S.K.: 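Following this message is one structure expressed as structure tokens.
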Amino acid sequence: QSDDFDWNMYLKETGSLSAPSECFRQSKIPPANDFEVGMKLEAHDPRNATSVCIATVIGISGARLNLRLDGSDSSNDFWRLVDSSDIQPVGTCEKQGNLLQPPLGYQMNVSSWPVFLFRTLNGSELAPATIFKKEPPKPPLNNFKVGMKLEATDRKNPYFICPATIGGVKGDEVYITFDGWSGVFDYWCKYDSREIFPVGWCCLTGDVLHPPGNKVPIAKNTKKIESSPFDATQHSMQSPQETAVILPTQQIRKSARINKPPGPT
Ligand code: MLY
């Protein structure tokens with residue numbers, strides 16, 4: 001839980017709205033995380049989606065699991081939600097008549113795989129089927145609008161979930177922009193991505209919300225009447241216009257109570 005960032009204050013100060021929870025493929029009540037470090041499970045290899053491998057829980061944060069594929073090194077660790085369809089109890093693959101596969105980048109000779117698999121599972125702690133949760137359904141439509149705020153996974157540093165803004169909408173895709181960062185972390189994803197969350201998600205799950213960056217100023221929306229004070233005709237015709245002004249990052253960081261300096265790079 002992040003004690004140094006206040007969404008309510010931040011939304012007020014930036015004059016922005018949060019994306020409604022119905023926009024997301026996430027459960028309204030986040031799933032409980034009953035996994036423990038060391039438990040083993042089956043996971044789709046992120047680099048080779050058709051193959052199902054054995055993975056070990058090496059870390060836990062909020063409703064997410066940090067996973068390492070057995071037989072792979074630490075350079076391809078990844079995060080999955082406890083209600084992700086990419087993970088399942090050990091035995092699922094076999095029940096479906098399929099074979100567990102060595103991960104991409106399996107360090108030993110493939111001929112050693114059956115023995116490696118046996119030794120990996122023998123006497124290990126398997127995650128019980130009851131702690132896996134059903135994936136929530138896809139919302140029927142992309143209802144995101146440009147400017148809506150959300151919490152989004154930084155794909156380059158997937159441990160981080162950060163305050164973000166919808167920067168674009170195109171068909172069934174949305175452009176995720178990270179508040180206070182230069183744009184190098186921004187990405188397009190499907191509206192039903194499991195990597196994006198409604199405002200308040202981290203607070204509810206006990207995950208860590210990484211505060212906005214201080215690399216670029218944060219845009220502030222204001223409703224202003226832009227017209228000449230002497231032109232009464234025009235004035236009466238004009239409706240309020242949305243004007244983007246820039247709020248100094250330092251001011252936001254101070255008043256939204258973001259006191260921690262950004263972490264090391
Ligand atoms: N040390 C890295 C971390 C950047 C993280 C950005 N995310 C949170 C959007 C850097 O400063 O480049």
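Ligands are counted one by one from 1 in listed order, and the atoms in each one are counted from 1 as well. No experiment lies behind these values; they were computed from the predicted model shown.
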S.K.: If a pair satisfies ring pair (Phe, Tyr, Trp, His ring centres under 6.0 Å) and one of its residues is in residues 36-86, list it, with sequence neighbours excluded.
M.R.: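 As it turns out, the ring pair (Phe, Tyr, Trp, His ring centres under 6.0 Å) pairs with a partner in residues 36-86, which skip direct neighbours, are Trp79-Tyr159.
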
S.K.: Please determine whether side chain to side chain donor-acceptor pair (under 3.5 Å) holds for the pair Ser61 and Asn66, giving the CA-CA distance in whole Å, both sets of side-chain angles, and the decisive distance to 0.1 Å.
M.R.: CA-CA 8 Å; Ser61 194; Asn66 194 201; over 6 Å; no

S.K.: Can the ring centres of Phe24 and Phe197 be said to be less than 6.0 Å apart?
M.R.: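 Distance test on ring centres: not under 6.0 Å, no.
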
S.K.: We want to know whether Trp7 and Glu151 form a side-chain donor-acceptor pair, criterion being a heavy-atom distance below 3.5 angstrom.
M.R.: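 Their side chains do contain a donor-acceptor pair, which is all the 3.5 Å distance test asks for.
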
S.K.: Can you list the ligand 1 atoms lying under 4.0 Å from a non-hydrogen atom of Asn157?
M.R.: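 The atoms of ligand 1 under 4.0 Å from a heavy atom of Asn157 are 5 (C).
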
S.K.: Are any of the N/O atoms on Asp154, whether in the backbone or the side chain, positioned under 3.5 angstrom from an N/O atom of ligand 1?
M.R.: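 Looking only at distances, the answer is yes, because the N/O contact criterion of under 3.5 Å is met.
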
S.K.: Give the atoms of ligand 1, by number and element, whose distance to some non-hydrogen atom of Cys162 is under 4.0 Å.
M.R.: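 Answer for ligand 1: 8 (C).
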
